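Convention: sequence-line order gives letters A, B, ...; per-chain numbering from 1. The analysis underlying the following values was restricted to heavy atoms, covering all of them including side chains, and did not include hydrogens, waters or symmetry mates. Because the structure is predicted, anything quoted here is derived from the model rather than measured.
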Amino acid sequence: MLKVVSWNVNSINVRKEQVLRFLEEKQPDFLLLQETKVEHFPKEPFQRLGYKVYHAGGKGRNGVAILSKEEADETVIGFGDLFQDVQAKERLIGCRFKDLYVFSVYVPNGAPVESDYYYYKLEFFYHLREYLEKNFSPQDKIILGGDFNVALQPQDVYDPLLFEGQICFTERERKAMSYLLDWGLIDTFRLLYPDKKGLFTWWDYQFSAFKKNLGMRLDYILATKPLAQHLKECDVDLKTRGLPKPSDHAPIIAMFDL
DNA sequence: ATGACTGGAGTTTCCAGA
């Protein structure tokens, strides 16, 4: 069984103990992290648990990592020549493990709608697809997990009418992410639970949003068909979101019968 | 109490997050 977890931790320094306890308890093969918010990842305690740490981040912002029980054969950061923006190098990291490619991505938030940053977010999705097109085939074994900052479908927000036109739920964002998926990536959670409503991965810290379950599904584990056909289970770890001093995102889990 | 956010930078207040 291959267990993959993705988790926007909103600062690895603040969430370090939670992440260590999570690894001890759940023992995932891969833990994909976003928003580490550090330039230098505090690797030592994670290595003591038997995990290799691959990280790309900047001072106080962004930051993505892959923690793995196995050593990677290769690591790539950013989009290479396709997208030289400095932030791209803090938002995408990939590791190859034999014929398996694993990526951790943190898509820009893009607020406010219609700002330059919003268009940067849309561009990010198109560059990501271009990057995959150029380097891979949908027949390859690829896992792309992370915080995509888009709720794809009406059932991915708690009130579709309220969210219409809001950041993370505009038509253009949903189209940009759909275009990425159309290359050959499958939303593992939706594959298993096509109609499920009210299960989210992010809740605002404000307004007791978690207690009221006023959230959005912004985190995804995407997989190409050769992997998705072996998908066994998907889940959102609500318990971890309910701990004291939580991240605003919950960990998401996908298990493959491999 | 009739309302309640968090983290980082870098100095006590602003910005980003979504």
**Q** When the C1' atoms of B:dC5 and B:dA18 are considered, how many whole Å apart are they?
**A** 12 Å
**Q** On a whole-Å scale, what distance lies between the C1' atoms belonging to B:dG10 and B:dC15?
**A** 12 Å
**Q** Work out how far the P atom of B:dT13 is from that of B:dT2, and round it to whole angstrom.
**A** 25 Å
**Q** Check each residue of residues 241-248 of chain A for a non-hydrogen atom within less than 4.0 Å of any atom in DNA chain B, then write out the ones that pass by number, or none.
**A** A:K245
**Q** Could you work out the separation of B:dG8 and B:dT12 based on their C1' atoms and round it to a whole Å?
**A** 14 Å
**Q** Base, sugar-phosphate, or nothing for A:N149, non-hydrogen atoms under 4.0 angstrom?
**A** sugar-phosphate
**Q** Answer with yes or no whether the side chains of A:K245 and A:Q18 bring together a donor and an acceptor at under 3.5 Å.
**A** no
**Q** May I ask you to test the A:F148-A:R217 pair for a side-chain heavy-atom distance under 4.5 Å?
**A** no
**Q** Checking side-chain polar atoms at under 3.5 Å, does A:N135 have a donor or acceptor matched by the opposite partner on A:Y101?
**A** no
**Q** May I have the step-by-step check of salt bridge (Lys or Arg N to Asp or Glu O under 4.0 Å) for A:R172 and A:E114, ending in yes or no?
**A** CA-CA 10 Å; A:R172 262 183 293 194; A:E114 293 299 323; 2.4 Å; yes
**Q** Please determine whether a side-chain nitrogen of the Lys or Arg among A:D235 and A:K26 lies less than 4.0 Å from a carboxylate oxygen of the Asp or Glu.
**A** no
**Q** Of all nucleotides in DNA chain B with an atom under 4.0 Å from a non-hydrogen atom of chain A, which is the first and which the last going 5' to 3'?
**A** B:dC5 to B:dA18
**Q** What contact category does A:F200 fall into here, base, sugar-phosphate, or nothing, at under 4.0 angstrom with non-hydrogen atoms?
**A** nothing
**Q** Taking side chain to side chain donor-acceptor pair (under 3.5 Å) as the test, write out the residues that go with A:S247, two or more places apart.
**A** none
**Q** Contact class for A:Y117 (heavy atom, under 4.0 Å): base, sugar-phosphate, or nothing?
**A** sugar-phosphate
**Q** Students often get this wrong, so: under 4.0 angstrom with heavy atoms, is A:N8 touching a base, only sugar-phosphate, or nothing?
**A** sugar-phosphate
**Q** Is B:dT12 in the syn range, within 90° of 0, or in the anti range?
**A** syn
**Q** When all nucleic acid strands are considered with a 4.0 Å heavy-atom cut-off, which category describes A:Q166: base, sugar-phosphate, or nothing?
**A** nothing
**Q** In terms of the nearest nucleotide of DNA chain B, which residue is placed more toward the 5' end: A:Q206 or A:V107?
**A** A:Q206
**Q** Between the side chains of A:K121 and A:N109, is a donor N or O closer than 3.5 angstrom to an acceptor N or O?
**A** no
**Q** Look at all strands and tell whether A:D219 reaches a base, only sugar-phosphate, or nothing, counting heavy atoms closer than 4.0 Å.
**A** nothing
**Q** Taking NZ, NE, NH1 and NH2 as the nitrogens, is one of them in A:R190 or A:D156 under 4.0 Å from a carboxylate oxygen of the other?
**A** yes
**Q** In Å, rounded to the nearest 0.5 Å, how long is the span from OG1 of A:T188 to OH of A:Y220?
**A** 11.0 Å
**Q** Let me spell it out: for each of A:Y205 and A:K59, pick the nucleotide of DNA chain B with the closest heavy atom. Which residue's pick is nearer the 5' end?
**A** A:Y205
